[in-house]
Amino acid sequence: MRRLIWIARHEYWHHVRRRGFLLATLGLPILVIGGIAVLILVLANTVRSEEAIGYIDEAGFLVGAIPSAEAERTTVPLLAFPDADAAQAALDAETIAAYVVLPTDDPLLREVALYGKETLSPEGRRSLEAVLNRSLLVREDPPHAVVDRALDPLGALETRTLTGEVVRPEAQIDAVAVAILGSLLFALTVFSAASYLLQALVEEKENRTMEIVTTSVTPWQLIGGKTLGLGLIGLTIAMAWFAVLTLAYVIGLTRFAPLREVPLPLGLLGPAMLFLVLGFLLFAGIMVAISAVVTTAQEGQQFAGVLTLAAVAPLMFNWLFFSNPDGPFATTLSLFPPSAPIAMLLRLAVGTVPVWQLVLSVTLLTATALLTVWSATRLFRQGMLRYGKRLHLRDILGALRAAGGRV
Amino acid sequence: MTPLVIDQIAKSFAQTVAVRDVSFQVNAGEIFALLGPNGAGKTTTIRMALDFFKPDHGEIRLFGEPPGAHTFDRIGYLPEERGLYRNLNLLDCLVYLAGLKGLRTAEARRRLQHWLERFDLAAHTGKKVGDLSRGMQQKAQFIAALVHEPDLLIVDEPFAALDPVNTRLIKTVLVELAAQGKTVIMSTHQMHLVEELAERMVMINRGEVVLYGTVADVRRQFAANAVVVEGRGQLDCLPGVAAIEPAAGNDTLLLRLEEYVTPQEALRSLVAQPAFTVERFAVAVPSLDDIFVRVASGEQMEGVA
């Protein structure tokens with residue numbers, strides 16, 4: 001055990017001390033979060049709603065159509081002006097951001113002129129349209145309820161899942177965003193660590209240190225030590241992202257109100273950690289097996305790339321998870337071990353998963369991970385000393401059958 | 001406890017027979033040479049002794065037991081395929097490798113300081129291994145093989161890439177280790193170093209043992225019926241001498257004897273020559289290099305191995 005820890009410690013510090021690792025681990029999340037923050041600020045400033053919009057309605061077409069005080073809180077206020085001079089004075093004093101002049105001779109209000117801005121913000125446009133629509137409707141004197149329904153016919157739209165549960169669309173969108181972000185972070189963590197493992201093993205094969213190492217420690221100690229050390233690297237990457245995201249969230253709360261509505265899936269942390277460990281174990285085993293079979297790091301990365309595709313398939317087809325999280329596609333991928341970690345996280349983030357599926361997924365993933373690691377250690381010894389030679393299927397089957405992996 | 005006993009082992013990879021039938025024993029405290037042409041099966045034999053592979057047939061006993069993890073710390077190994085962690089600095093690399101052999105960091109550093117100074121590498125401990133010369137890397141790897149003070153040191157081509165000064169240093173260290181009771185198995189193609197250092201040897205060719213015994217015995221077995229003579233004066237025809245040929249070295253002659261004449265009889269005839277003074281007389285034995293070439297090219301010795 002002491003040698004396993006020794007190897008783990010060496011691998012961890014060897015990678016953590018590298019300048020490239022520090023830049024990638026700390027720099028990248030800061031860069032990404034910073035970039036997103038800048039983008040949000042720019043967008044927020046570009047499409048900022050007007051403080052108020054003025055209007056000149058000499059013919060009085062809008063009488064009775066101006067929204068109530070309660071409604072004004074959620075829309076851009078419309079302020080009446082008797083003439084263009086008064087409106088222009090308010091514009092100069094920045095009381096209003098723009099003003100419109102309504103026609104005096106056209107009850108259908110077909111020609112409305114805008115002054116002060118090239119175009120209105122979506123919010124300002126919606127507010128103005130609502131008032132114009134209402135003014136057109138009220139002239140026919142229908143009941144208020146009809147006017148309200150005509151102005152907002154889908155106001156009482158209720159979104160339900162296929163099983164009939166009512167969902168809040170905004171919450172669903174937030175959950176999808178959190179699920180995708182979480183899955184990307186998960187994939188980054190697992191595949192970074194597994195990739196480091198592949199690189200470390202193939203490098204030892206390439207630089208011929210493997211013969212010295214394998215006369216000093218057992219394959220279990222070597223693979224276990226490297227898996228532990230590089231797994232901790234993955235955890236370090238995850239913690240760095242988690243810390244930066246938390247900081248960004250806390251700062252964002254004070255600046256960006258919609259963030260308060262984003263649901264934080266704290267209940268997912270437990271399952272996420274379980275799938276993180278099992279997922280890493282599975283891919284660590286796969287990487288060890290690949291490193292034993294291939295001859296160069298480049299070849300190893302190509303093999304790994306193909307398997308990584310299977311793992312990230314749920315992210316590539318994420319709409320199928322969000323539209324039908326309990327459908328056959330989502331269910332199958334959440335049970336298939338290589339794609340199970342990300343698929344199950346996506347499903348858990350946007351809905352509830354039957355307990356039996358959760359248990360089956362964890363059981364299949366655990367069994368496959370252990371089988372992969374077991375097979376990998378058997379392949380390892382034979383493959384590691386085949387400098388420049390790839391293992392063939394017969395060698396692989398022979399290694400798996402042989403006692404202790406020595407053939 | 002005999003450090004290594006190899007008994008009738010055989011090993012094949014797919015259709016290729018790497019080792020057909022190899023048996024030999026390495027005794028404690030000796031420098032033992034493992035010889036053979038390229039592809040003869042030496043490295044495969046070493047790797048089986050180190051438990052990389054299991055033999056298909058036969059048995060290997062390392063310190064009286066089958067090879068395994070329990071013998072790791074008693075073995076030091078300098079493989080033919082050299083390799084160190086090129087991105088680490090020299091000291092970190094050696095401390096890590098010593099740690100794999102069970103040495104604590106402080107003890108590893110203490111021992112490494114001694115060896116690095118002895119091998120003239122102390123000034124380079126902060127350099128990356130990849131920036132060191134090939135000879136320096138070779139010495140560093142040699143240190144890695146012995147820093148944990150193994151009972152059995154297996155060195156494959158230990159003198160490759162070394163200048164005469166460092167070759168002499170490695171030779172001295174190997175002799176010192178043997179004097180301390182450590183066992184050294186040395187695989188090399190430099191036959192003069194085998195003659196100089198090894199007491200016993202085995203030669204493998206095409207997966208089989210073709211020579212085995214003490215170096216002196218093997219050379220004697222290949223000796224033709226001839227003597228080497230140095231002296232002054234005129235040497236006339238001698239009874240029982242088939243031919244007199246100049247040999248290597250000034251005033252050295254090779255006397256090829258008739259089959260029925262022994263070296264002792266030839267010496268008596270020489271001493272009886274009035275016009276010739278014998279200054280050196282020796283039975284002519286071939287160099288190990290000659291023997292290697294002859295055996296590798298197919299010549300067999302009766303009764304050997």
Side-chain angles (χ1 to χ4, degrees), chain A residues 1-15 17-21 199-200 203-222 225-226 229 380-389 391-395 397-399 401-407, chain B residues 11-15 43-44 46-56 62 66-89 92-105 108 129-130 137 140-141 144-145 148 150 152 154 156:
Chain A
M1 193 64 186
R2 199 163 69 84
R3 287 178 210 201
L4 188 148
I5 302 286
W6 176 253
I7 293 168
R9 210 175 76 169
H10 168 78
E11 289 295 338
Y12 184 80
W13 285 114
H14 175 54
H15 281 88
R17 280 183 196 150
R18 290 200 311 207
R19 202 174 300 157
F21 176 83
Q199 199 181 331
E203 260 178 24
E204 275 185 356
K205 196 175 177 179
E206 282 182 326
N207 67 20
R208 307 292 197 254
T209 41
M210 194 48 77
E211 260 185 288
I212 304 175
V213 173
T214 45
T215 51
S216 305
V217 292
T218 63
W220 272 109
Q221 287 170 328
L222 181 65
K226 283 186 182 293
F380 176 77
R381 252 191 119 103
Q382 189 184 21
M384 279 301 154
L385 299 175
R386 293 279 189 102
Y387 301 129
K389 291 181 195 163
L391 285 189
H392 297 292
L393 186 62
R394 183 167 37 182
D395 304 319
L397 294 176
R401 275 198 300 267
R406 291 160 175 77
V407 292
Chain B
K11 180 73 186 174
S12 298
F13 297 104
Q15 304 302 316
T43 302
T44 303
I46 289 174
R47 286 178 174 178
M48 282 190 277
L50 291 170
D51 202 32
F52 290 140
F53 314 128
K54 291 282 183 211
D56 298 335
L62 203 55
H70 54 283
T71 54
F72 280 170
D73 293 352
R74 299 185 69 182
I75 296 172
Y77 180 40
L78 176 71
E80 184 187 15
E81 295 276 4
R82 304 281 192 266
L84 291 168
Y85 296 96
R86 299 176 62 80
N87 291 327
L88 291 184
N89 75 41
D92 285 349
C93 177
L94 292 176
V95 167
Y96 174 61
L97 291 175
L100 293 181
K101 287 290 189 185
L103 281 189
R104 302 268 178 192
T105 306
V129 170
Q137 290 187 33
Q141 195 154 357
H148 60 291
L152 172 61
I154 300 175
D156 204 343

Sidechain-backbone polar pair: [X] side chain, [Y] backbone, donor-acceptor under 3.5 Å:
X      : Y      : answer
A/R2   : B/G102 : yes
B/D156 : B/T43  : no
B/T71  : B/P67  : no

Which atoms of [X] approach chain A - backbone, side chain, both or neither, heavy atom under 4.5 Å:
X      : value
B/I75  : neither
B/V129 : neither
B/L88  : side chain

Subject >> Whether B/Y85 and B/Y96 hold their rings parallel, tilted or perpendicular, with breakpoints at 30° and 60° >> reply: perpendicular
